[in-house]
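Since the structure comes first, as structure tokens, the remarks are kept for the end.
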Amino acid sequence: MIRDLTDDEARAALPLKWELPDVVPAWVAEMDYAQAEPITEALVDAVRRGALGYPPHGDDLGAAFSGFAARHWGWDVPAGASVATGGVVSGIRLALEVLCPPGPVVVPMPCYPPFVHAVEVTGREVVPIELDPESDDAGLDLAAVSRAFAAGARTLLLCNPHNPLGHVPSRGELAGLAALAREYDARVITDEIHAPLTLPGATFTPYLSLDDRAVLVTSPSKAFNMPATHGAQLVVLDPADRARLEAAPIPAQNTWSSLGVVAGTVAWRDCDDWLAALVERLAEQRALLAELLADRLPKARMRPLEATYLAWLDLRAYGVDDPAAAALAHGVRLAPGQDYQPGLTGHVRLNLATSADRLERIVEGLRTALDDGGSGAPRG
Ligand SMILES: Cc1ncc(COP(=O)(O)O)c(C=O)c1O
């Protein structure tokens, strides 16, 4: 059911990921797999019907998401709680501007870089707190969160599951955060775009099921590999909060795409079989990566990958400060660790959502680069 794209197909389908010639890409979070057939059919049908007008007020996205949440997580979320928006990152900005008080925002580090940018463009200060990838659970440091709230922060950006660490926070960890949010009357914005990609062995907990003042921002675009459809959702339980989001003037909103609503509705509603096959495939890729690393890069340390297809590798034992730059010089593009935590050396994020053969080429390219001690002029 999961069809690998050939190199030519991948270059056409994922032009950003594959933008450099003669390079195997394992950086940006897109998968080298064809979309689920029901999504393709629904989009083709919509385009053939000429359904390219503005999206309507009131659509099926919220109901489709509720069904997905009930089936996958046993979570009952009202269909009317969703507010459509253009993207998760711009949805975070909207939530900050419309629903959160001005003032510092706690951001656990390392983080997906646009978290920092979203806080900065709203004129707020980032309060970084460290997640510890060395610890087995890389969980939230609740004492640090408490100190940040006590010092005046009233907002926290959560990534559940976490990109780039691949961590799925436990229910207990999230309940601890929810208790602090209640104590300090703080608002948690939780980005759960990776939740459908929770892998066997881990259990995802929707944060909003523990803290009804939180703002959930999500989209099927990551799990179903379709960022071009430009569709996401804010999910808020308080009708007054929802009214504030809906009343935001057009230039303050992000708008969204009719095609995003079409694709998103079908993804949440009709693609469970495809998603199950995908998760199985990603679990196989995870096992293959572990084998390849043990064989070719035995000093690499991979964080337990509990969700997503983005593996976080600690390569400091090889003594190369910027392994991503070194790998690029050997035809492999990885995401540099320092993009997720400024100043962090010796780490990369590796996207394993590709064919087995390409994954082997990626690890082999990295091995050659590190064996070289990182010398060689980076390409492109
Ligand atoms: C945690 C996280 N949030 C958001 C996004 C992007 O979402 P969008 O394209 O809807 O802004 C990504 C993309 O990889 C991501 O990893």
Side-chain angles (χ1 to χ4, degrees), residues 14-17 25-33 35 55 61 65 82-97 105 107-119 121-122 131 138 140 156-169 188-199 204 206-207 214-235 253-257 259-261 263-264 267-268 282 303 305-312 333-337 339-341 348-354:
L14 311 167
L16 174 69
K17 184 178 184 188
W27 62 295
V28 68
E30 295 183 299
M31 300 182 280
D32 296 334
Y33 308 136
Q35 295 92 0
L61 209 49
F65 177 69
S82 282
V83 177
T85 193
V88 167
V89 172
S90 47
I92 291 172
R93 179 189 49 71
L94 186 63
L96 283 169
E97 283 177 340
V105 178
V107 181
M109 304 292 279
C111 78
Y112 175 58
F115 274 27
V116 168
H117 306 147
V119 173
V121 297
T122 65
L131 289 170
L140 274 175
L156 180 139
L157 286 191
L158 180 69
C159 194
N160 173 33
H162 193 267
N163 170 17
L165 296 185
H167 169 59
V168 179
V188 173
I189 300 177
T190 179
D191 173 340
E192 300 188 353
I193 194 171
H194 291 282
L197 299 175
T198 301
L199 298 176
F204 165 73
Y207 179 75
V215 183
L216 162 61
V217 194
T218 193
S219 168
S221 65
K222 195 64 39 193
F224 295 91
N225 213 26
M226 50 179 195
T229 57
H230 198 56
Q233 285 150 273
L234 294 139
V235 184
Q253 296 176 1
N254 308 310
T255 71
W256 62 98
S257 152
L259 296 178
V261 173
W268 291 134
L282 294 179
R303 262 212 53 75
L305 187 62
E306 298 169 323
T308 83
Y309 46 81
L310 306 165
W312 183 249
R333 188 169 186 186
L334 301 163
D339 284 2
Y340 304 87
Q341 182 155 2
V348 294
R349 195 192 70 174
L350 183 156
N351 178 342
L352 55 73
T354 189

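Reckoned from all heavy atoms, side chains included, excluding hydrogens, waters and symmetry mates. Keep in mind that this is a model prediction, so the values were computed, not measured. Both ligands and their constituent atoms are indexed starting at 1 by order of listing. Sequence positions, counted from 1, serve as the residue numbers for this chain.
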Which heavy-atom pair separates Asn351 from Ala29 by the least distance, and what is that distance?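 Where Asn351 meets Ala29 most closely, the heavy atoms are ND2-CA, 4.0 Å.
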Ala353 and Met31: which non-hydrogen atoms are nearest, and at how many Å?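 Minimum heavy-atom separation between Ala353 and Met31: CB-CG, 3.3 Å.
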For residues [X] and [Y], is any side-chain donor paired with an opposing acceptor at under 3.5 Å?
X      : Y      : answer
Gln233 : Trp256 : no
Glu192 : Thr190 : yes
Asn225 : Gln35  : no

Carboxylate-amine/guanidinium proximity below 4.0 Å for Lys17 and Asp32: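 Looking at Lys17 and Asp32, the cut-off is met.
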Could you go through ligand 1 and list every pair where one of its N or O atoms sits under 3.5 Å from a protein N or O, giving the atom names and the distance to one decimal?
| unit_1 | atom_1 | unit_2 | atom_2 | d |
| --- | --- | --- | --- | --- |
| ligand 1 | 3 (N) | Asp191 | OD2 | 2.5 |
| ligand 1 | 10 (O) | Val88 | N | 2.7 |
| ligand 1 | 11 (O) | Val88 | N | 3.2 |
| ligand 1 | 11 (O) | Val89 | N | 3.0 |
| ligand 1 | 14 (O) | Lys222 | NZ | 3.0 |
| ligand 1 | 16 (O) | Asn163 | ND2 | 2.8 |
| ligand 1 | 16 (O) | His194 | NE2 | 2.8 |

